[in-house]
Amino acid sequence: MAETPHLYLVDGSAYIFRAYHRLPPLTDPEGTPVGAVYGYTTMLWKLADDLHKADGPTHLAVILDKSSRSFRNEIYDKYKANRPPPPEDLVPQFPLIRDATRAFSLPCIEEPDVEADDMIASYAREAQRQGWNVTIVSSDKDLMQLVGEQDGARIDMLDTMKNARIYIEEVEEKFGVPPEKVGDVLALMGDSVDNIPGIFGVGPKTASRLIAEHGGLTAALDAAEGMKKSKLKERLLEYRADAELSRVLVTLREDCGLPVSLDDMKLDQVPSEPLAAFLGKHGFSSLLKRLEAGNGSPSRTTDLDPAKRDTAGAPANAAGNRQPLPDFPAVDRSTYECVQTLDRLEAWAERAQAARLVAVDTETSSLDCMQCDLVGISLALGANDACYIPLGHGGSDMFAEKPVQIDKAAALKALAPLLANDAVLKVFHNGKYDLNVLARNGVAVSPVDDTMIISFDLDAGRQLDGIGGGHGMDELAERHLGHTCLTFKELCGTGRKAIPFGEVPLDKATEYAAEDADVTWRLYQQLKPRLATEGGTKIYERVDRPLVPVVAQMERHGIKVDRARLARLSEEFAGETARLEKEIHAIAGTEFTVGSPKQLGEVLFVTLGYKGGKKGKSGQYSTDQSVLERLSGEGAPIAAKILEWRQLAKLKSTYTDALQEAINPQTGRVHTSYSLVGAQTGRLSSTDPNLQNIPIRTEIGRQIREAFVAEEGHVLLAADYSQIELRLAAHMADVPSLKEAFAQGEDIHARTAIEMFGEVNRDTRGRAKTINFAILYGISRWGLGGRLGVEADEAQAMIDTYFQRFPGIQKYIVRTLEEVRERGYSETLFGRKTWFPRIGSKNQAERQGSERAAINAPIQGTSADIIKRAMVRMMPALQEAGLGHVRMLLQVHDELVFELPEADVAAASAVIERVMAGAAEPAVSLDVPLGVDIGTGTSWGAAH
DNA sequence: GAAATCACG
DNA sequence: GACGTACGTGATTTCC
């Protein structure tokens with residue numbers, strides 16, 4: 001039986017607009033911009049490659065817009081009237097799209113006075129009538145009207161950038177209605193890009209709600225009469241004609257003449273000419289190589305093994321860097337060597353020594369670098385010049401033959417001189433992990449570079465739609481090398497069937513492990529030069545790079561916790577929650593899961609009938625702290641009990657239970673893992689467990705801090721910056737009165753209260769404090785009003801007063817936003833960049849969110865830079881003072897925690913205070929002093 | 001896996 | 001006033 005034909009219709013014009021914004025501004029050898037064309041070419045390549053695969057194309061055609069005029073201009077003269085002209089360097093790429101399509105020997109359809117959407121609709125319906133399946137390669141919302149099935153023939157869509165199929169479910173998810181009603185929704189909401197009016201003031205949410213409720217456009221418009229008085233009702237009545245006109249405009253024509261027959265769209269193997277000529281002309285050399293390697297053409301790939309779906313494509317670089325495409329050969333895992341003799345290992349070490357640069361990666365038995373065993377080490381000296389040295393494979397099955405491998409101690413002894421050699425640079429990806437593993441195996445490593453940190457310092461925050469912004473190796477390989485790495489999952493499986501890396505056969509393990517080193521080496525070549533050209537050298541070399549071994553050591557130190565004390569607290573909390581639960585059930589008159597916000601909402605606002613329940617977008621009542629506090633204030637006895645229950649349940653599950661489990665059996669201490677690339681502003685983050693959110697704000701929670709203790713004869717010392725972010729704001733925004741207040745050591749919130757309200761008392765100081773923080777976070781009158789419990793108008797008046805009193809603040813905000821809009825990133829005093837790709841978004845909420853984050857980032861980020869500088873300098877300074885035995889254990893954003901003999905407190909305090917207070921110098925000289933508060937005690941709680 | 005909630009600076 | 005209301009995080013729970 002012949003396979004059912006499957007027609008792919010590519011919406012070419014729409015694609016290149018998206019590709020243009022997503023890809024770097026590449027140019028071909030003649031200087032013609034070809035970034036979007038490159039993206040388009042790789043997309044066609046992939047589609048052609050899918051010939052005869054499940055759901056792949058048997059027929060393929062590209063539809064282009066010849067002109068933007070159509071029948072719609074006849075009935076509505078303003079149709080698409082306010083479209084901005086396309087970007088200058090996109091214009092010369094339009095004709096190249098046609099060239100690219102012809103290069104693939106594919107039909108390219110463009111008709112005068114017919115829009116691509118209508119042509120696509122006409123072809124799709126015709127194919128469907130003949131019983132074919134159709135996939136429209138586009139993400140245009142207008143085309144979603146076509147999705148669905150008729151007589152077993154289906155039309156779906158494919159968004160190649162997000163690699164997502166769009167079918168009925170996805171359409172319903174987006175519009176809240178089935179595809180056939182999408183036109184009705186579009187008619188109500190309009191489209192500012194195409195200048196379709198819709199109903200003024202009605203957006204996608206309201207539009208889909210109305211259509212879903214009333215079943216259709218006419219019914220929704222008719223229903224307006226019967227609605228209660230509202231803005232919406234008035235508008236539906238007033239703009240009815242606009243909506244009806246819009247309905248016609250958004251309707252796709254399905255009866256266009258078809259200039260090419262469906263049969264002529266049959267997809268065959270793509271002939272290598274004229275494709276090769278086209279690729280050569282525009283400098284797409286990696287694709288050209290691939291074409292030659294593949295004996296002539298893409299398509300007809302029967303190789304579905306994901307391990308072999310290697311690509312040699314150029315980078316689809318979301319990060320928007322302007323580097324040339326990398327000139328490396330495609331990753332070829334068959335070139336990797338499995339090193340199984342000491343002779344071979346020594347040969348590699350010698351070559352690494354000569355090369356002066358080696359990428360290194362370790363493989364281990366688990367993700368916990370404080371507990372795992374070392375299973376192997378891989379090295380890379382160049383592209384496809386990599387090896388894997390297995391050291392701990394086999395062993396779980398005593399009867400199976402153990403693979404041949406070098407003795408671990410002997411191998412480490414052979415590698416140690418190389419790893420410690422100052423003249424040989426060791427490049428890692430997330431080196432902190434490997435440093436800890438190697439340190440636990442008695443091997444020190446220096447000097448170190450880290451491609452994960454480099455990526456972060458270049459591209460923090462740079463993620464765009466559908467493209468991750470992370471700094472993981474697999475993601476960076478895709479983004480910068482166009483290469484898909486083997487995944488750990490593919491190798492070891494997942495869930496219950498997962499096997500440890502040590503049980504992976506050596507040939508497979510070599511492919512995976514050596515690839516990681518190979519990719520790290522390539523990423524280093526690609527990313528390191530960008531630091532210099534993009535201004536990242538300072539922050540990388542002076543702050544983040546030297547921080548890696550410092551943080552690694554802090555993690556290895558860990559901190560002692562008093563297990564018995566935590567266990568007692570757990571029991572106490574368990575008893576209390578059980579008691580509260582009974583009381584809550586008694587008041588409610590029903591047994592329910594107190595921990596389920598869903599059930600709780602029903603109990604509060606239905607069973608017990610309390611008023612003022614608000615449902616969020618998921619249709620669930622909100623029962624968060626603010627709601628429960630309001631209810632409690634209004635005299636609901638159950639609310640206070642629930643609040644108390646919540647607090648205790650949280651403390652038990654997140655802290656007293658979890659921390660006991662986090663104690664490392666080998667060291668008896670808790671070792672967190674800090675991420676140096678977790679927070680876009682440059683802060684660290686802490687996981688497994690998170691030691692940056694241990695309770696302190698409530699008395700009951702503070703007991704948990706008492707369980708973090710010092711060793712016998714030692715104390716914990718906590719040193720924290722006082723009001724560092726406000727101090728930095730005073731400096732950066734240049735506010736004389738605030739700077740003076742800090743210089744005088746005044747209470748800053750009290751000073752603000754005097755400036756704002758003329759007097760200071762508990763109330764005005766509290767308000768001033770709230771306003772001060774609001775400023776740091778990017779303010780809105782609604783947000784401030786909500787916090788202060790006043791109307792937005794009143795909040796706005798306060799903001800105005802604040803800006804009047806401290807005009808520098810407003811100037812800072814305006815200047816910062818202008819700069820971010822212009823350059824795309826914000827910058828700290830030390831030159832750390834954070835990117836804000838959504839700062840120009842048309843979506844107001846999204847844009848304003850970016851704006852608030854952009855106002856905050858330089859302040860939060862500068863504070864992060866300062867404490868990082870202090871951390872880097874801390875141990876050398878202590879050592880110089882004969883205090884090298886003092887251990888730095890924790891960092892909590894503006895606080896450092898140390899462990900030291902009680903006798904050394906005075907001497908260490910002096911050094912710590914000096915290093916922290918002077919951490920900005922000499923790179924930056926602040927107009928405000930940095931205050932440091934220090935406390936000591938046998939527990940962390942007592943040190944505050 | 002998402003959503004809701006809450007712990008921290 | 002379409003949307004939602006302060007910045008940055010991570011962990012746990014319930015529920016689909």
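Below, chains carry the letters A, B, ... as their sequence lines are ordered, and counting in each starts from 1. These figures come from a predicted structure and were not determined experimentally.
- Among residues two or more places apart in sequence or in another chain, the side chain to side chain donor-acceptor pair (under 3.5 Å) test is passed with A:Lys598 by none.
- With DNA chain C read from its 5' end, the first of the two nearest nucleotides for A:Asn856 and A:Asn843 is the one closest to A:Asn843.
- Taken together, the paired segments of DNA chain C that extend over three or more consecutive Watson-Crick or G-U pairs, each closer than 3.5 Å at both contacts, are B:1-9 with C:7-15.
- Applying the side-chain contact (heavy atoms from CB on, under 4.5 Å) criterion to A:Gln723, with sequence neighbours excluded, gives A:Leu726, A:Arg727, A:Phe742, A:Ile748, A:His749.
- Every residue meeting the side-chain contact (heavy atoms from CB on, under 4.5 Å) condition with A:Asn693, not counting sequence neighbours, appears here in chain and number order: A:Tyr655, A:Asn690.
- The base of C:dG10 is not paired with the side chain of A:Gln692 by any donor and acceptor separated by under 3.5 Å.
- Proximity note for A:Tyr777 (side chain, C-beta onward) versus B:dC8, C:dT14, C:dC7: the nearest is C:dC7.
- Taking 4.0 angstrom as the limit, A:Arg235 places a side-chain polar atom (N or O) nearer than this to OP1 or OP2 of C:dA2.
- Looking at A:Arg852, its side chain has no donor and acceptor atom pair within 3.5 Å of the base of C:dG8.
- Remark: the A:Arg697 side chain and the B:dA7 base include no donor-acceptor N/O pair separated by less than 3.5 Å.
- Qualifying side chain to side chain donor-acceptor pair (under 3.5 Å) partners for A:Ser455, counting only residues two or more places apart in sequence or in other chains: A:His471.
- Qualifying side chain to side chain donor-acceptor pair (under 3.5 Å) partners for A:Arg821, counting only residues two or more places apart in sequence or in other chains: A:Glu851.
- Under 4.0 Å is where a charged nitrogen must lie from a carboxylate oxygen, and between A:Asp544 and A:Arg832 at least one such pair does.
- The pair A:Lys432-A:Glu555 meets the salt-bridge criterion, since a charged nitrogen lies less than 4.0 angstrom from a carboxylate oxygen.
- When the P atom is used for both C:dA6 and B:dC6, the distance is 15 Å, rounded to whole Å.
- For the segment residues 638-652 of chain A, the set of residues with a heavy atom within less than 4.0 Å of an atom of DNA chain B comprises A:Arg646, A:Lys650, in numerical order.
- Remark: A:Glu571 pairs with no residue by the side-chain contact (heavy atoms from CB on, under 4.5 Å) rule, at least two apart or across chains.
- In this view, A:Asp142 satisfies the salt bridge (Lys or Arg N to Asp or Glu O under 4.0 Å) rule with no residue, not counting sequence neighbours.
- Proximity of A:Ser685 to the phosphate of C:dG10: a side-chain N or O atom is located under 4.0 Å from OP1 or OP2.
- For C:dT9, neither phosphate oxygen OP1 nor OP2 lies less than 4.0 angstrom from any side-chain nitrogen or oxygen of A:Ser686.
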